[in-house]
Structures are given as structure tokens and as C-alpha cells.
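Heads up, the thing below is written out as C-alpha cells.
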Amino acid sequence: MTTPAPGARPPERRPEREPRRAVVVGGSRGIGAAVALRFAAEGLDTAVAARDPEQLNGLRDHARELGLGLTVHQVDVRSAESVDGLFAALTEGGGVDVCVNAAGRNLSRRLISPPRDGSRTWRTHGEQDWRDVVDLCLTGTFLVGRAAAAAMAAAGRGGVIVPVVSCTWRGSWGQSAYAAAKAGVVSLTRSWALELGEYGIRVVAIAPGVVDGAALREKCAAVPAHAAFMDRLRAQVPLGRFADESEVAETALHAVRNTYLTGTVLDVDGGGFPGRVR
Ligand SMILES: NC(=O)c1ccc[n+]([C@@H]2O[C@H](COP(=O)([O-])OP(=O)(O)OC[C@H]3O[C@@H](n4cnc5c(N)ncnc54)[C@H](OP(=O)(O)O)[C@@H]3O)[C@@H](O)[C@H]2O)c1
């Protein structure tokens, strides 16, 4: 590291412009959809990208009923070609100032589990399960962040990259692949903030606790044991409830609006997550 000469002025930073265009990758349902609708309601020209065209079109129709406009794009974040194609299309359409990435999937797997049925062999976390989670949650975030940063830097208008991580990034009992992938994204957030500040690009991760969304409610209705587990988990959250998707969307908006935030993680977890639910 070089020490600046006494009295030397810090390098000029480009002031951030008012963001106009956003993309929410993994925005066709759940948290990402809530963020996209909130951004559109705030007047941002918002694009949503995910894999399933039916869900994308369904969200676009729902937004239209609310008087909001969304454009939709198909993308698979595990493919560099697909992600680069998305950002080429966004650039062609006028550029991108805000990129939220909510594409991700939780996986509950213990590293080792006791043998069953009289066997003496301990069961272990599947290697493919590990690779699938890392591919989607960590490599996908790398590919999206890389393409977003290149598009923003080329346009010279600065921007904000907002990866959605999870409160599990500090480690989570029975979710080591997911927690490690999210911790990797926190590390990317800090590294990218260091690299991209000079281009006026900020990087802010948001880390929700459990979100009380449609998928969770459907699973709890279908699987009573899961509902009971979730009740025990909810009771251990200091605020005594899970997050509403709108609370996560509000935090994404804060990450965009507060122009002095970068390289940090915004926890939206009701006060914390237990080490182990019993
Ligand atoms: N829900 C929670 O309690 C919670 C808590 C903490 C953190 N998080 C994190 O928040 C993010 C969103 O979670 P969520 O619960 O809202 O998830 P969700 O309802 O399952 O939505 C996931 C979104 O990502 C898209 N997606 C999945 N795989 C993709 C791929 N390969 N390429 C492109 N898009 C893909 C999905 O659409 P397609 O399947 O059609 O592609 C969908 O739009 C995730 O990163 C998750 O880890 C969630």
C-alpha cells in the first residue's frame, strides 16, 4: 500500500446520478418480485429476469393490474452466456443503474447424519448438492455482478449492485453449503466495493432472516412437521415473527437511496437467528 503525500487530495470520485433503470435478477416471485414492484412503484424503469417465462409474464400482468410497468427477460444465472446476453439486452434498452440479484435457493443438509436401519455407515452431505448451491448462489452472483459492473462502468453513470444474501452467512446449523455460498457473496460485496468505488459503483448486500412469503406458507400448509419447526424457529427470533417481503424490499430501496453505503451487509433479520432450533 502506498502512503499519500501529506496534504494530497483524495482522487476525484464521480458523483452518483439519480438511478433511473433497475434490473431484479431472480425477480419473478418472492423477495425479488416484491423488490421489483416496489422499485416500479417508486418510478424506476424496472426489468425482471428469471428462468420461467410463465412466472415472468404472470408478474408483468400483475404489475399492469397495479398500474405499473415491468419488462421481463429470461436468464439462467448459472450460465455466463445467458447472463451476458441479459446485460447486452439491458444496455441496448438504455442501460442499468441498479442491479438486485435475488436468484438463490436454500438447502437444508447436515454435513453428517447418523446411520439408519442398522447400518454402521454415517450418511454425508452430497457433493452434487454442494455444487448445485454454490453454482446458483455464489457463481451466479459472480456472473451477474461481473456483467452488471462492466455495463455500469462502460456507461459511466455509476450504479448500485445489491446481492440478496441471508442471515445464515455467519454460519447456520444444517445449511453449510448455503451458508458458505452466502458468506462468499458477502466477501464479493466487500471486494467489489473496494474495486468499483472509483467508478461510482456501490455494492450493498442485504441479509434477510426467514421471510414469511407464499412459498413458506404453502410448504407449512402441506407439511405439518415443517410448520411445527417454523413455529419453534419463529419463537426464537427476538421480534417473534418472520419478515414481510415488503420489509426486505424497503431495505433494497434504502441500499439504492443511501449514496454513502457500500461494501456492507444490511441485516433484515428481526434481531437474529438461533444457532440451532430445538
Ligand atoms: N425466503 C427467505 O426466507 C429468504 C431468507 C433469506 C434469504 N433469502 C434469499 O433471498 C433470495 C430470494 O429468495 P426467495 O425466497 O424469494 O426465493 P424464490 O421465491 O424461490 O424466488 C427465487 C427467484 O430466483 C429465480 N431463480 C432461481 N434459480 C434461477 C436461476 N438459475 N437463474 C435465474 N433465476 C433463478 C426464480 O425464478 P425461476 O425459478 O423461474 O428461475 C425466482 O424468481 C434468495 O437468494 C434466497 O437465498 C430468502
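Quick caveat: nothing in here was measured; it's all calculated off a predicted structure.
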Identify each donor-acceptor pair in which a side-chain atom of residues 210-230 lies under 3.5 Å from a protein atom, sequence neighbours left out, and give them as a table.
unit_1, atom_1, unit_2, atom_2, d
R217, NH1, D212, O, 2.7

Expected output: side-chain [X] to main-chain [Y] donor-acceptor under 3.5 Å:
X    : Y    : value
R202 : G197 : no
T46  : L44  : yes
D269 : G271 : yes
D135 : R131 : no
T262 : A193 : no
S166 : W169 : no

Heavy-atom pair of closest approach, residues [X] and [Y]:
X    : Y    : result
I31  : E245 : N-OE2, 4.1 Å
S28  : Q55  : OG-OE1, 3.6 Å
A40  : L70  : CB-CD2, 3.9 Å
D267 : R170 : OD2-NH2, 3.0 Å
R78  : L136 : CG-CA, 4.0 Å
E247 : R241 : OE2-NH2, 2.8 Å

Between [X] and [Y], is there shared hydrophobic-cluster membership here, with clusters defined by ILVMFWY side-chain heavy atoms closer than 4.5 Å?
X    : Y    : value
V185 : V77  : yes
V265 : V268 : no
L86  : L56  : no
V186 : F273 : no
V100 : V160 : yes

Just by distance, with hydrogens left out, do S246 and D244 show a side-chain donor and acceptor under 3.5 Å apart? yes
N/O donor-acceptor pairs under 3.5 Å from side chains in residues 103-116, not counting sequence neighbours:
unit_1, atom_1, unit_2, atom_2, d
N106, OD1, Q175, NE2, 3.4
S108, OG, Q175, NE2, 3.4
R109, NE, D129, OD2, 2.9

Got a sec, which residues hit side-chain contact (heavy atoms from CB on, under 4.5 Å) with R38, two or more places apart in sequence or on another chain? E42, A249, E250, L253
What is the ring orientation for W130 with H125, classed by angle as parallel under 30°, tilted 30 to 60°, or perpendicular over 60°?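 Perpendicular: the ring planes of W130 and H125 meet at over 60°.
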More than 12 non-hydrogen atoms from neighbouring residues, nucleotides or ligands closer than 6.0 Å to CD on Q128, yes or no?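 Yes, because the 6.0 Å sphere around CD of Q128 holds more than 12 heavy atoms from other groups.
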Heavy-atom side-chain contact between V25 and V23 under 4.5 Å: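 Yes. Closest side-chain heavy atoms under 4.5 Å.
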